[in-house]
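Model, not experiment: these values are computed from the prediction. Any value given below was found using the heavy atoms of this structure, including those in side chains, with hydrogens, waters and symmetry copies removed. Residue numbers start from 1 in every chain, and the chains themselves are labelled A, B, ... in the order their sequence lines are given, proteins ahead of strands.
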2 protein chains.
Amino acid sequence: MKRQTKQRDLVVTALTKARGFVSAQALHASMTHSGSTISLATVYRALTDMVGEGDVDSLLSLEGENLYRACSSNGHHHHLMCRECGATVEIDAKPIEEWSRAQAAAYNFTDVEHVVDIFGLCSQCA
Amino acid sequence: MKRQTKQRDLVVTALTKARGFVSAQALHASMTHSGSTISLATVYRALTDMVGEGDVDSLLSLEGENLYRACSSNGHHHHLMCRECGATVEIDAKPIEEWSRAQAAAYNFTDVEHVVDIFGLCSQCA
DNA sequence: ACCTTATTGAGAAGTCTTTTCAATAACGCT
DNA sequence: AGCGTTATTGAAAAGACTTCTCAATAAGGT
(Lines give C-alpha, C1' and ligand atoms only; values in the text may rest on other atoms or scores of the structure.)
Protein backbone atom coordinates (compact mmCIF):
# COMPACT_ATOMS: atom_id res chain seq x y z
CA MET A 1 0.00 0.00 0.00
CA LYS A 2 1.03 3.60 -0.34
CA ARG A 3 2.79 5.25 2.56
CA GLN A 4 3.00 8.81 3.68
CA THR A 5 6.61 9.76 4.32
CA LYS A 6 8.41 12.81 5.54
CA GLN A 7 10.15 13.16 2.22
CA ARG A 8 6.94 13.26 0.24
CA ASP A 9 5.53 15.84 2.60
CA LEU A 10 8.60 17.95 2.10
CA VAL A 11 8.22 17.76 -1.64
CA VAL A 12 4.63 18.88 -1.37
CA THR A 13 5.63 21.76 0.86
CA ALA A 14 8.47 22.85 -1.37
CA LEU A 15 6.33 22.60 -4.47
CA THR A 16 3.60 24.64 -2.87
CA LYS A 17 6.06 27.32 -1.93
CA ALA A 18 7.33 27.61 -5.50
CA ARG A 19 5.65 30.38 -7.42
CA GLY A 20 5.20 28.62 -10.70
CA PHE A 21 6.45 25.60 -12.53
CA VAL A 22 9.80 24.24 -11.45
CA SER A 23 11.99 21.40 -12.60
CA ALA A 24 12.69 18.41 -10.41
CA GLN A 25 16.30 19.48 -10.22
CA ALA A 26 15.46 23.02 -9.20
CA LEU A 27 13.06 21.76 -6.56
CA HIS A 28 15.69 19.41 -5.20
CA ALA A 29 18.26 22.20 -5.16
CA SER A 30 15.97 24.50 -3.21
CA MET A 31 15.15 21.76 -0.73
CA THR A 32 18.82 21.01 -0.25
CA HIS A 33 19.44 24.69 0.20
CA SER A 34 16.83 24.71 2.95
CA GLY A 35 18.69 22.01 4.82
CA SER A 36 16.89 18.92 3.60
CA THR A 37 18.95 15.88 2.71
CA ILE A 38 16.37 14.33 0.44
CA SER A 39 17.81 12.62 -2.58
CA LEU A 40 17.17 13.69 -6.12
CA ALA A 41 15.79 10.26 -6.99
CA THR A 42 13.18 10.59 -4.28
CA VAL A 43 12.12 13.98 -5.57
CA TYR A 44 11.65 12.48 -9.01
CA ARG A 45 9.72 9.55 -7.59
CA ALA A 46 7.47 11.76 -5.50
CA LEU A 47 6.72 14.09 -8.39
CA THR A 48 6.01 11.25 -10.76
CA ASP A 49 3.63 9.65 -8.29
CA MET A 50 1.85 12.90 -7.58
CA VAL A 51 1.35 13.58 -11.23
CA GLY A 52 -0.16 10.14 -11.58
CA GLU A 53 -2.54 10.88 -8.74
CA GLY A 54 -3.52 14.23 -10.18
CA ASP A 55 -2.17 16.23 -7.27
CA VAL A 56 0.58 17.75 -9.32
CA ASP A 57 0.52 19.22 -12.76
CA SER A 58 3.36 18.76 -15.19
CA LEU A 59 4.37 20.10 -18.55
CA LEU A 60 7.30 19.92 -20.91
CA SER A 61 9.34 23.04 -21.28
CA LEU A 62 10.41 24.15 -24.71
CA GLU A 63 13.75 22.51 -23.97
CA GLY A 64 12.17 19.16 -23.22
CA GLU A 65 12.55 19.35 -19.48
CA ASN A 66 9.69 18.29 -17.23
CA LEU A 67 8.33 21.02 -15.02
CA TYR A 68 6.02 20.56 -12.06
CA ARG A 69 3.57 22.56 -10.09
CA ALA A 70 1.07 21.98 -7.33
CA CYS A 71 -2.32 21.88 -9.02
CA SER A 72 -4.67 24.65 -8.19
CA SER A 73 -7.54 23.73 -10.42
CA ASN A 74 -8.46 20.14 -10.94
CA GLY A 75 -9.15 18.60 -14.27
CA HIS A 76 -7.79 19.32 -17.67
CA HIS A 77 -6.42 22.78 -18.35
CA HIS A 78 -3.62 24.63 -20.07
CA HIS A 79 -0.92 27.09 -19.14
CA LEU A 80 0.40 30.50 -19.89
CA MET A 81 3.84 30.52 -18.41
CA CYS A 82 6.62 33.06 -18.05
CA ARG A 83 9.78 31.54 -19.44
CA GLU A 84 11.84 33.74 -17.16
CA CYS A 85 10.40 33.34 -13.69
CA GLY A 86 8.06 30.40 -14.15
CA ALA A 87 4.99 32.32 -13.08
CA THR A 88 2.00 30.56 -14.50
CA VAL A 89 -1.59 31.30 -15.27
CA GLU A 90 -3.94 28.38 -15.64
CA ILE A 91 -6.31 28.85 -18.49
CA ASP A 92 -9.09 26.61 -19.52
CA ALA A 93 -9.84 26.61 -23.13
CA LYS A 94 -13.09 25.13 -24.22
CA PRO A 95 -12.62 26.34 -27.78
CA ILE A 96 -9.32 24.48 -27.91
CA GLU A 97 -10.82 21.27 -26.63
CA GLU A 98 -13.52 21.38 -29.24
CA TRP A 99 -11.13 22.35 -31.97
CA SER A 100 -8.82 19.50 -31.01
CA ARG A 101 -11.62 16.98 -31.02
CA ALA A 102 -12.90 18.23 -34.35
CA GLN A 103 -9.48 18.05 -35.99
CA ALA A 104 -8.91 14.53 -34.73
CA ALA A 105 -12.30 13.40 -35.93
CA ALA A 106 -11.79 14.97 -39.34
CA TYR A 107 -8.74 12.81 -39.93
CA ASN A 108 -10.02 9.67 -38.24
CA PHE A 109 -7.63 9.86 -35.33
CA THR A 110 -8.65 8.23 -32.08
CA ASP A 111 -7.37 8.16 -28.52
CA VAL A 112 -6.19 11.74 -28.83
CA GLU A 113 -4.46 13.95 -26.34
CA HIS A 114 -3.13 17.39 -26.96
CA VAL A 115 -0.42 19.69 -25.80
CA VAL A 116 -1.39 23.32 -25.67
CA ASP A 117 0.79 25.70 -23.75
CA ILE A 118 1.80 29.31 -24.20
CA PHE A 119 5.18 30.64 -23.15
CA GLY A 120 6.11 34.28 -22.91
CA LEU A 121 7.37 36.98 -20.63
CA CYS A 122 5.17 38.19 -17.82
CA SER A 123 4.77 41.90 -17.16
CA GLN A 124 7.34 41.82 -14.37
CA CYS A 125 10.04 40.11 -16.40
CA ALA A 126 9.48 41.97 -19.65
CA MET B 1 30.04 30.28 -45.83
CA LYS B 2 27.67 27.37 -45.82
CA ARG B 3 28.62 24.31 -47.82
CA GLN B 4 26.57 21.67 -49.45
CA THR B 5 27.83 18.27 -48.42
CA LYS B 6 26.95 14.71 -49.28
CA GLN B 7 25.96 14.08 -45.70
CA ARG B 8 23.47 16.90 -45.59
CA ASP B 9 21.97 15.74 -48.86
CA LEU B 10 21.61 12.28 -47.44
CA VAL B 11 19.83 13.62 -44.41
CA VAL B 12 17.40 15.52 -46.62
CA THR B 13 16.78 12.42 -48.69
CA ALA B 14 16.25 10.20 -45.67
CA LEU B 15 13.99 12.74 -44.02
CA THR B 16 11.92 13.08 -47.16
CA LYS B 17 11.52 9.34 -47.38
CA ALA B 18 10.24 9.12 -43.82
CA ARG B 19 6.46 9.15 -43.65
CA GLY B 20 6.06 11.44 -40.69
CA PHE B 21 8.06 12.81 -37.81
CA VAL B 22 11.15 10.89 -36.83
CA SER B 23 13.77 11.30 -34.16
CA ALA B 24 17.36 12.12 -35.00
CA GLN B 25 18.37 8.73 -33.68
CA ALA B 26 15.79 6.89 -35.75
CA LEU B 27 16.85 8.80 -38.83
CA HIS B 28 20.47 7.97 -38.22
CA ALA B 29 19.61 4.32 -37.65
CA SER B 30 17.72 4.09 -40.92
CA MET B 31 20.53 5.78 -42.80
CA THR B 32 23.05 3.40 -41.26
CA HIS B 33 20.80 0.52 -42.18
CA SER B 34 20.83 1.77 -45.76
CA GLY B 35 24.59 1.59 -45.85
CA SER B 36 25.49 5.16 -44.98
CA THR B 37 28.32 5.76 -42.55
CA ILE B 38 27.22 9.21 -41.52
CA SER B 39 27.76 9.98 -37.87
CA LEU B 40 25.01 10.68 -35.41
CA ALA B 41 26.52 14.06 -34.55
CA THR B 42 26.30 15.10 -38.17
CA VAL B 43 22.67 14.10 -38.36
CA TYR B 44 21.96 16.23 -35.32
CA ARG B 45 23.89 19.14 -36.80
CA ALA B 46 22.17 18.92 -40.14
CA LEU B 47 18.72 18.74 -38.58
CA THR B 48 19.39 21.64 -36.26
CA ASP B 49 20.62 23.77 -39.14
CA MET B 50 17.69 22.90 -41.33
CA VAL B 51 15.23 23.74 -38.60
CA GLY B 52 16.94 27.10 -38.29
CA GLU B 53 16.57 27.69 -41.97
CA GLY B 54 12.95 26.69 -41.98
CA ASP B 55 13.42 23.69 -44.25
CA VAL B 56 12.65 21.23 -41.55
CA ASP B 57 9.93 21.22 -38.99
CA SER B 58 10.46 20.00 -35.46
CA LEU B 59 8.39 19.27 -32.44
CA LEU B 60 8.81 17.77 -28.99
CA SER B 61 7.24 14.38 -28.46
CA LEU B 62 5.31 13.76 -25.28
CA GLU B 63 8.45 12.09 -23.94
CA GLY B 64 10.58 15.17 -24.56
CA GLU B 65 12.36 13.85 -27.60
CA ASN B 66 12.86 16.11 -30.60
CA LEU B 67 11.19 14.87 -33.75
CA TYR B 68 11.83 16.15 -37.26
CA ARG B 69 10.09 16.21 -40.57
CA ALA B 70 10.62 17.74 -43.97
CA CYS B 71 8.33 20.76 -44.14
CA SER B 72 5.53 20.57 -46.61
CA SER B 73 3.86 23.84 -45.87
CA ASN B 74 5.84 26.89 -45.00
CA GLY B 75 5.13 29.18 -42.13
CA HIS B 76 3.64 28.55 -38.77
CA HIS B 77 1.39 25.57 -38.36
CA HIS B 78 0.52 22.74 -36.01
CA HIS B 79 0.38 18.99 -36.12
CA LEU B 80 -1.91 16.07 -35.68
CA MET B 81 0.40 13.13 -35.29
CA CYS B 82 -0.02 9.39 -34.90
CA ARG B 83 1.97 8.33 -31.86
CA GLU B 84 2.33 4.86 -33.31
CA CYS B 85 3.60 5.35 -36.85
CA GLY B 86 4.46 9.05 -36.86
CA ALA B 87 2.09 9.85 -39.71
CA THR B 88 1.32 13.52 -39.51
CA VAL B 89 -1.26 15.94 -40.75
CA GLU B 90 -0.38 19.59 -40.82
CA ILE B 91 -3.16 21.77 -39.64
CA ASP B 92 -3.26 25.46 -39.54
CA ALA B 93 -5.34 26.92 -36.85
CA LYS B 94 -6.25 30.54 -37.09
CA PRO B 95 -8.59 30.27 -34.14
CA ILE B 96 -5.72 28.99 -32.04
CA GLU B 97 -3.42 31.81 -33.04
CA GLU B 98 -5.99 34.38 -32.10
CA TRP B 99 -6.88 32.62 -28.90
CA SER B 100 -3.22 32.44 -27.96
CA ARG B 101 -2.66 36.11 -28.64
CA ALA B 102 -5.76 37.06 -26.73
CA GLN B 103 -4.80 35.02 -23.68
CA ALA B 104 -1.32 36.47 -23.62
CA ALA B 105 -2.65 39.98 -23.92
CA ALA B 106 -5.20 39.41 -21.19
CA TYR B 107 -2.43 38.63 -18.73
CA ASN B 108 0.09 41.13 -20.00
CA PHE B 109 2.46 38.55 -21.37
CA THR B 110 4.73 39.54 -24.21
CA ASP B 111 7.07 37.83 -26.62
CA VAL B 112 4.83 34.78 -26.67
CA GLU B 113 5.17 31.54 -28.50
CA HIS B 114 2.93 28.55 -28.17
CA VAL B 115 3.04 24.82 -28.46
CA VAL B 116 -0.06 23.26 -29.88
CA ASP B 117 0.06 19.68 -31.07
CA ILE B 118 -2.35 16.80 -31.07
CA PHE B 119 -1.27 13.20 -30.65
CA GLY B 120 -3.45 10.18 -31.30
CA LEU B 121 -3.79 6.99 -33.26
CA CYS B 122 -4.42 7.20 -36.98
CA SER B 123 -7.06 5.03 -38.60
CA GLN B 124 -4.48 2.49 -39.72
CA CYS B 125 -2.87 2.05 -36.31
CA ALA B 126 -6.05 2.10 -34.24
C1' DA C 1 45.60 22.78 -58.56
C1' DC C 2 45.72 25.27 -54.24
C1' DC C 3 44.27 27.60 -50.10
C1' DT C 4 41.09 28.61 -46.75
C1' DT C 5 37.88 27.17 -43.68
C1' DA C 6 33.33 24.89 -43.00
C1' DT C 7 32.19 20.26 -42.05
C1' DT C 8 32.86 15.62 -40.62
C1' DG C 9 33.55 11.49 -37.55
C1' DA C 10 34.50 9.45 -33.18
C1' DG C 11 34.37 9.70 -28.80
C1' DA C 12 34.01 12.29 -24.65
C1' DA C 13 31.09 15.03 -22.02
C1' DG C 14 26.77 17.12 -20.34
C1' DT C 15 21.87 16.95 -18.78
C1' DC C 16 17.86 14.97 -17.39
C1' DT C 17 15.78 10.88 -15.69
C1' DT C 18 15.29 6.07 -14.23
C1' DT C 19 16.96 1.93 -12.12
C1' DT C 20 19.39 -1.04 -8.77
C1' DC C 21 19.90 -2.71 -4.29
C1' DA C 22 20.81 -2.80 0.42
C1' DA C 23 19.23 -0.18 4.46
C1' DT C 24 15.44 2.20 6.52
C1' DA C 25 11.00 3.33 8.16
C1' DA C 26 5.74 3.31 7.67
C1' DC C 27 1.66 0.84 8.58
C1' DG C 28 -1.33 -2.97 10.18
C1' DC C 29 -1.80 -6.30 13.62
C1' DT C 30 -1.50 -8.22 18.30
C1' DA D 1 4.10 -0.72 22.68
C1' DG D 2 6.33 -4.33 20.00
C1' DC D 3 6.71 -6.92 15.69
C1' DG D 4 6.76 -8.25 10.98
C1' DT D 5 5.95 -7.01 6.35
C1' DT D 6 7.05 -4.41 2.62
C1' DA D 7 6.93 0.28 0.52
C1' DT D 8 10.27 3.80 0.41
C1' DT D 9 14.72 5.86 0.67
C1' DG D 10 19.60 7.22 -0.53
C1' DA D 11 23.60 6.73 -3.29
C1' DA D 12 25.51 5.45 -7.11
C1' DA D 13 25.25 3.37 -11.48
C1' DA D 14 23.06 3.19 -15.74
C1' DG D 15 20.37 4.86 -19.62
C1' DA D 16 18.73 8.10 -23.13
C1' DC D 17 19.17 12.13 -25.79
C1' DT D 18 21.99 15.81 -27.30
C1' DT D 19 26.06 18.75 -27.63
C1' DC D 20 30.93 19.55 -27.69
C1' DT D 21 35.96 18.79 -28.76
C1' DC D 22 39.43 18.36 -31.97
C1' DA D 23 42.13 16.44 -35.50
C1' DA D 24 41.27 15.04 -40.27
C1' DT D 25 38.69 15.81 -44.41
C1' DA D 26 36.63 18.01 -48.26
C1' DA D 27 33.81 22.02 -50.36
C1' DG D 28 34.16 26.23 -52.90
C1' DG D 29 36.44 30.22 -54.49
C1' DT D 30 40.69 31.95 -56.85
What I want to check is whether the side chains of B/T13 and B/T16 have a donor and an acceptor closer together than 3.5 Å.
no
Which nucleotide, D/dA27, C/dT17, C/dG9, lies nearest any side-chain atom of B/S39?
C/dG9
Let me spell it out: for each of B/V43 and A/T48, pick the nucleotide of DNA chain C with the closest heavy atom. Which residue's pick is nearer the 5' end?
B/V43
Take atom OH of B/Y68 and atom P of D/dC17, then tell me their distance rounded to the nearest Å.
12 Å
Any side-chain heavy atom of B/H79 sitting closer than 4.5 Å to one from B/V116?
no
Nearest 0.5 Å please: distance from the CG atom of B/L80 over to the SG atom of B/C122.
9.5 Å
How close or far is atom P of D/dA12 from atom OH of A/Y44, stated in whole angstroms?
17 Å
Can you check whether A/H114 and A/H78 have ring centres sitting under 6.0 Å from each other?
yes
Does a distance-only test, which skips hydrogens and angles, find a donor-acceptor pair under 3.5 Å between the side chain of A/R8 and the base of D/dT8?
no
Nearest-angstrom distance from the residue atom CD1 of B/I38 to C1' of D/dT25:
15 Å
Of the nucleotides D/dG28, D/dT6, C/dT17, which one has an atom closest to the side chain of B/Q4?
D/dG28
Measure from CD on A/Q7 to C1' on C/dT24 and round the result to the nearest Å.
10 Å
Let me know the distance between NE2 of A/H28 and C1' of D/dT9, rounded to the nearest Å.
12 Å
Assigning hydrophobic clusters by single linkage (Ile, Leu, Val, Met, Phe, Trp, Tyr; side-chain heavy-atom cutoff under 4.5 Å), is A/M50 placed with A/L67?
no
For D/dT18 and B/N66 - does any side-chain N or O of the residue sit under 4.0 Å from the phosphate oxygens OP1/OP2?
yes
Expressed as a whole number of angstroms, how long is the span from B/L27:CG to D/dC17:C1'?
15 Å
Selected nucleotide, minimal atom distance to B/Q25 side chain, candidates D/dC17, C/dT17, D/dG10:
D/dC17
Interatomic distance, B/M1 CE vs C/dA6 C1' [rounded to whole Å]
7 Å
Whether A/T42 contacts D/dG10 is assessed here as follows: a side-chain N or O lying under 4.0 Å from the phosphate OP1 or OP2. Is that the case?
yes
Residue-phosphate contact under 4.0 Å: B/T5 side-chain N/O, C/dT8 OP1/OP2
yes
Would you mind telling me which of D/dT18, C/dC16, C/dT7 lies closest to the side-chain atoms of B/L40?
D/dT18
Tell me the interatomic distance from B/R45, atom CZ, to D/dT19, atom C1', rounded to whole angstroms.
9 Å
Nearest heavy atom decides the nucleotide; on that basis, is B/R3 or A/D49 closer to the 5' end of DNA chain D?
A/D49
